[in-house]
*Asks:* 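There's a structure below that I have some questions on.
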Amino acid sequence: MKNLFLSLFMASTVTAAAQPCIGGMAGIYPCDNVDLLSRMTLSEIGANPNNDNTSDIWGWVSPVTGKEYALVAVSNGLAFVDISTPEAPVYLGMLPSHTTNSLWRDVETMDNYCFVGSEASGHGLQVFDLLQLDNVTTPTSFTESAYYGGFGHSHTIALDPVSKILMAMGSSTFNGGPHLVDISNPLQPILVGGYQDAGYTHDGNILTYNGPDVNHQGDVIVVACNGNNGYGVVTLNVTDPTDIIFLDNYNYPETGYTHQGWFTKDMAHYLVDDELDEQNLGTTTRTHIFDFSDLDNIGYMNYYLSTNTSIDHNLYIKDQFVYESNYRSGVRILDASRVSTGVLNEVGYFDLFPANDLPQFSGTWSNYPFLPSGVNLATSMYDGFFVLRPTLLYLQNNNLNACGQSADTLQLKINADLQFPLTANITGIPGFPVFSGVNVTGTGSYNIVISDLGTVPTGTFNCTLQLITTFGESYDLFFTITTGTPPAAPTLLSVPSTIQYNALDYQFNWTAMPGATSYFFELAENDNTFGSVVYSANVTSNFVVLPANFSFMEGKTYSWRVTSVNGCGSSAASASEDFQWILAGVNEIAEREFIVYPNPAESEVFIQNFQSGKSLVSVYNATGQMVLSSTFNQPGVHTLSVGDLSSGIYTIQVGRITKRLLIK
């Protein structure tokens, strides 16, 4: 990687200011129930505004920092933007095109990698390790982490994170049909199959199916949108990519160009955008509705007809809402809760191209609505990319802290004209809580009270607020609730007044406390008030092993204590214990060791103990829980029965020395 000029970094942080949607406008942009958080121009994301354009866009969340990132496809490569503060996005750099610039570039992610295809000649598939983004401080020209050259150009890509199969579409292989690549090792993609019998595929989906068709649950299914080649929408079973099975196809009436689609929440329907019917047939924007309850027998239902004249492009579905990038009329949001009856209705929009809604190829190419923060990322081909926040419905407090309380309140705000009336229900809270304020009759603010929390155990729970329609569908909102009280302080398991350490792993143990999710360990030197802590650690087990490089000082007095922690707070610190470290010679170390055999063991182990006097033997499981204990009254060989222990790795401790024990 090579660093770009700092001046570019400074310029890249200059973005359009946030604008709430008020009275149908967010600044210069027409809107309804969608706020503008920020916008970055082409030049601010490393592209040339005179020659380049944006196309696809995707999102990624770092598992290390929790930061959210936008992955913006532009003519000259893939731009990376930190949107962890969505009102002030920061450009991090560019993965340049593998070959040349192109109007078309497509990106998707799996785990910590992104995959990039393009219509650029000879481009192939780029693989990039996204964890690099967490450490970027100045805009960087990145290099690909791996490359697959099994195809040259491609129009689109899609992947299944379960089967770990990537599908390239519109390449020069397999007659333009699905080209399937195993990406289970992202750094070594391998061709595993392809399908050519239905001709060119423009876009599509690949997924491990969990929908209503019981004959295909668990199968890897491809849905292919095949342009204007006569096949329309195609379903394939690619569970065995070397023996792909054609399931069905449907070429709906008045086809312009079967462009792209997505499954609805219930997985029983599939929505398709047709890219050329507006220009070729003179229709307004249409969204086609298919019955996909039987993958071997696709049914066409009807279409939703918009009042806009723009071309529709990419659509995505999150919960009950369809987010359509419809070029010059912007991101349009449809409510699909009544899709089973063939009904869609618009509940929000943000027009990224306010000049007009003509059926031309400019405006928003794509959007991404799946980030945990709820923001929507959208590209506008010649105006950069936008960070938007839909305000259709939301919780004003989605992290409830009900510690020590018998009740708490969810504050619900609804701005969109949903399928009222709605009944509120909450799932995910154990015990026997009671809900009130559950009848939702229209737009506005609602308080939903959760009471009888005394019946709920201590913990933090991931919950769902379901707003259920009269016909059984639901709008889902997610929140967490923390209940209970702080845990009690643990009891320390005594240590001798002196410790012979000599770089042997020394383990400090304490009692596991009900309701505790972690513990805070402290070790102080010559200070039993713990004003000068020399080592501390947060752990989930009920023991700590000091690091190998930790050094005690001879003759010093050390104090240790432990605090129990959970989501409701911390206990008081435990009573502390003091000890001194004294230097041990080689012979003394030998006296403290013990031998355990056989290891691995099945029913019993023999322990040769060299320590004089009484010794305590303890066995701990992988979570730090003591599962077995005994006492040796003298040196020698002792037998310990382990037949009741489950297979796994354990820690066996004699006196203050520990070893690993494997039970078969």
*Asks:* Between Ser325 and Asn367, does any side-chain donor sit less than 3.5 Å from a side-chain acceptor?
*Replies:* yes
*Asks:* Look only at the side chain of Thr264 and the backbone of His269, and say whether a donor-acceptor pair between them is shorter than 3.5 Å.
*Replies:* yes
*Asks:* For Ser55, is there any backbone N or O sitting under 3.5 Å from a side-chain donor or acceptor partner on Thr379?
*Replies:* yes
*Asks:* Kindly indicate whether the side chain of Leu95, heavy atoms from C-beta on, has any atom under 4.5 Å from the side chain of Gln132.
*Replies:* no
*Asks:* Begin from the C-alpha positions of Ile245 and Leu236 and carry the test side-chain contact (heavy atoms from CB on, under 4.5 Å) through to its verdict.
*Replies:* CA-CA 6 Å; Ile245 301 171; Leu236 305 171; over 6 Å; no
*Asks:* What is the distance from atom OG of Ser366 to atom CD of Glu324, rounded to the nearest 0.5 Å?
*Replies:* 11.5 Å
*Asks:* How far apart are the closest heavy atoms of Phe386 and Ser380, and which atoms are they?
*Replies:* CE1-CB, 3.8 Å
*Asks:* Below 30° counts as parallel, above 60° as perpendicular, anything between as tilted: where do the rings of Tyr316 and Trp58 land?
*Replies:* perpendicular
*Asks:* Return the orientation label for the Trp104 and His155 ring planes: parallel under 30°, perpendicular over 60°, tilted otherwise.
*Replies:* tilted
*Asks:* Look up atom CG in Asp312 and atom OG in Ser306, then write down how far apart they are to the nearest 0.5 Å.
*Replies:* 9.0 Å
*Asks:* A side-chain contact here means heavy atoms from C-beta on lying under 4.5 Å apart; do Val223 and Val233 qualify?
*Replies:* yes
*Asks:* Taking salt bridge (charged side-chain N to carboxylate O under 4.0 Å, His left out) as the cut-off, I'd like each qualifying pair that reaches into residues 115-144, sequence neighbours left out, listed once.
*Replies:* none
*Asks:* Can you pull the salt bridge (charged side-chain N to carboxylate O under 4.0 Å, His left out) pairs that have at least one residue in residues 256-271, sequence neighbours excluded?
*Replies:* Lys265-Asp319, Lys265-Asp476
*Asks:* Is there a side-chain contact between Val34 and Ile333, using heavy atoms and a 4.5 Å cut-off?
*Replies:* yes
*Asks:* For Thr235 and Phe292, work out which heavy atoms get closest and say how close.
*Replies:* CG2-CE2, 3.7 Å
*Asks:* Report the residues that fulfil side chain to side chain contact (heavy atoms under 4.5 Å, CB included) with Leu662, sequence neighbours left out, ordered by chain and then residue number.
*Replies:* Asn599, Pro600, Ile649
*Asks:* Have a look at Ser75 and tell me which of Asn53, Thr54, Asn101 forms a side-chain hydrogen bond (donor to acceptor under 3.5 Å, both in side chains) with it.
*Replies:* Asn53
*Asks:* Can you check whether Thr173's main-chain N or O pairs, donor with acceptor, with Ser171's side chain at less than 3.5 Å?
*Replies:* yes
*Asks:* Are any non-hydrogen side-chain atoms of Val127 and Tyr147 less than 4.5 angstrom apart?
*Replies:* no
*Asks:* Is it the case that Thr285 and Asn308 place a side-chain donor and acceptor less than 3.5 Å from each other?
*Replies:* no
*Asks:* Name the one of Ser373, Ser62, Ser84 that satisfies side-chain hydrogen bond (donor to acceptor under 3.5 Å, both in side chains) with Glu68?
*Replies:* Ser373
*Asks:* Looking at Thr201 and Cys225, would you say the former's side chain and the latter's main chain have a donor-acceptor pair under 3.5 Å?
*Replies:* no
*Asks:* Do the non-hydrogen side-chain atoms of Val347 and Leu334 ever get within less than 4.5 Å of each other?
*Replies:* no
*Asks:* For Ile311, is there any backbone N or O sitting under 3.5 Å from a side-chain donor or acceptor partner on Asn326?
*Replies:* no
*Asks:* Can you say whether the rings of Phe115 and Tyr113 are parallel (under 30°), tilted (30 to 60°) or perpendicular (over 60°)?
*Replies:* tilted
*Asks:* Given the rule in the ring-ring contact (aromatic ring centres under 6.0 Å, His included) test, do Phe151 and Tyr148 qualify, once you have shown the distances and angles that lead to the verdict?
*Replies:* CA-CA 8 Å; Phe151 56 84; Tyr148 172 78; 5.8 Å; yes
*Asks:* How about Gln217: does its CD atom have over 12 heavy atoms from other parts shown lying under 6.0 Å from it?
*Replies:* yes
*Asks:* Taking all non-hydrogen atoms of both residues into account, name the closest pair between Gly46 and Asn76 and its distance.
*Replies:* O-ND2, 3.0 Å
*Asks:* Verify side-chain contact (heavy atoms from CB on, under 4.5 Å) between Leu180 and Val238, making sure each step is shown before the conclusion.
*Replies:* CA-CA 9 Å; Leu180 303 179; Val238 301; 3.9 Å; yes
*Asks:* Is it true that a side-chain atom of Asp182 and a backbone atom of Ser184 form a donor plus acceptor pair closer than 3.5 Å?
*Replies:* yes
*Asks:* Specify the closest pair of heavy atoms between Leu388 and Ala378, including all atoms of both residues, with the distance to one decimal.
*Replies:* CD1-CB, 4.3 Å
*Asks:* Side chains of Tyr475 and Asp335 only: does a donor on one sit below 3.5 Å from an acceptor on the other?
*Replies:* yes
*Asks:* Is there side-chain contact between Thr242 and Val192, with heavy atoms separated by less than 4.5 Å?
*Replies:* no
*Asks:* Is the backbone N or O of Lys67 less than 3.5 Å from a side-chain atom of Thr65, with the two atoms forming a donor-acceptor pair by type?
*Replies:* yes
*Asks:* Going by the angle between their ring planes, with limits at 30° and 60°, are His313 and Trp365 parallel, tilted or perpendicular?
*Replies:* perpendicular
*Asks:* Parallel, tilted or perpendicular for His259 and His202, by the 30°/60° rule?
*Replies:* tilted
*Asks:* May I ask you to check whether Thr258 and Tyr252 show a side-chain donor-acceptor distance below 3.5 Å?
*Replies:* yes
*Asks:* Would you name the heavy atoms of Ser293 and Asp213 that are closest together and state the gap between them?
*Replies:* O-CB, 3.4 Å
*Asks:* Can you label the angle between the Phe80 ring and the Phe128 ring as parallel, tilted or perpendicular, going by 30° and 60°?
*Replies:* parallel
*Asks:* Quick one: does any side-chain atom of Asp160 pair with a main-chain N or O of Thr208 as donor and acceptor, under 3.5 Å?
*Replies:* yes
*Asks:* Look only at the side chain of Ser102 and the backbone of Thr100, and say whether a donor-acceptor pair between them is shorter than 3.5 Å.
*Replies:* no
*Asks:* Any idea which heavy atoms bring Pro390 and Tyr323 closest together, and the distance?
*Replies:* CG-CE2, 4.0 Å
*Asks:* Closer than 4.0 angstrom, basic N to acidic O: yes or no for Asp277 and Arg286?
*Replies:* yes
*Asks:* Could you measure the distance from the CG atom of Leu276 to the CG atom of Asp273? Nearest 0.5 Å is fine.
*Replies:* 11.0 Å
*Asks:* Apply ring-ring contact (aromatic ring centres under 6.0 Å, His included) to the pair Tyr209 and His216, showing each step before the final yes or no.
*Replies:* CA-CA 7 Å; Tyr209 180 78; His216 291 292; 7.1 Å; no
*Asks:* Nearest 0.5 Å, please: how far is OH in Tyr91 from CD1 in Ile45?
*Replies:* 8.0 Å
*Asks:* Any idea how His288 and Phe290 line up, ring-wise: parallel (<30°), tilted (30 to 60°), or perpendicular (>60°)?
*Replies:* tilted
*Asks:* Check step by step if side chain to side chain donor-acceptor pair (under 3.5 Å) holds for Tyr195 and Asn175.
*Replies:* CA-CA 8 Å; Tyr195 190 79; Asn175 201 23; over 6 Å; no
*Asks:* At what distance, to the nearest 0.5 angstrom, does CG of Asp56 lie from CD of Glu108?
*Replies:* 7.5 Å
*Asks:* Taking side chain as C-beta onward, heavy atoms only, is Ile83 less than 4.5 Å from Leu371?
*Replies:* yes
*Asks:* Between Thr99 and Ser121, is there a side-chain heavy-atom distance shorter than 4.5 Å?
*Replies:* no
*Asks:* Would you check if there is a donor-acceptor pair between the side chains of Ser329 and Ser310 at a distance under 3.5 Å?
*Replies:* yes
*Asks:* How long is the straight-line distance from CG of Asn135 back to CG of Leu133, given to the nearest 0.5 Å?
*Replies:* 9.0 Å
*Asks:* Could you go through Glu473 and Arg338, starting from their C-alpha distance and side-chain angles, then the distance that decides it, and tell me whether this counts as salt bridge (Lys or Arg N to Asp or Glu O under 4.0 Å)?
*Replies:* CA-CA 8 Å; Glu473 296 295 330; Arg338 294 182 62 197; over 6 Å; no
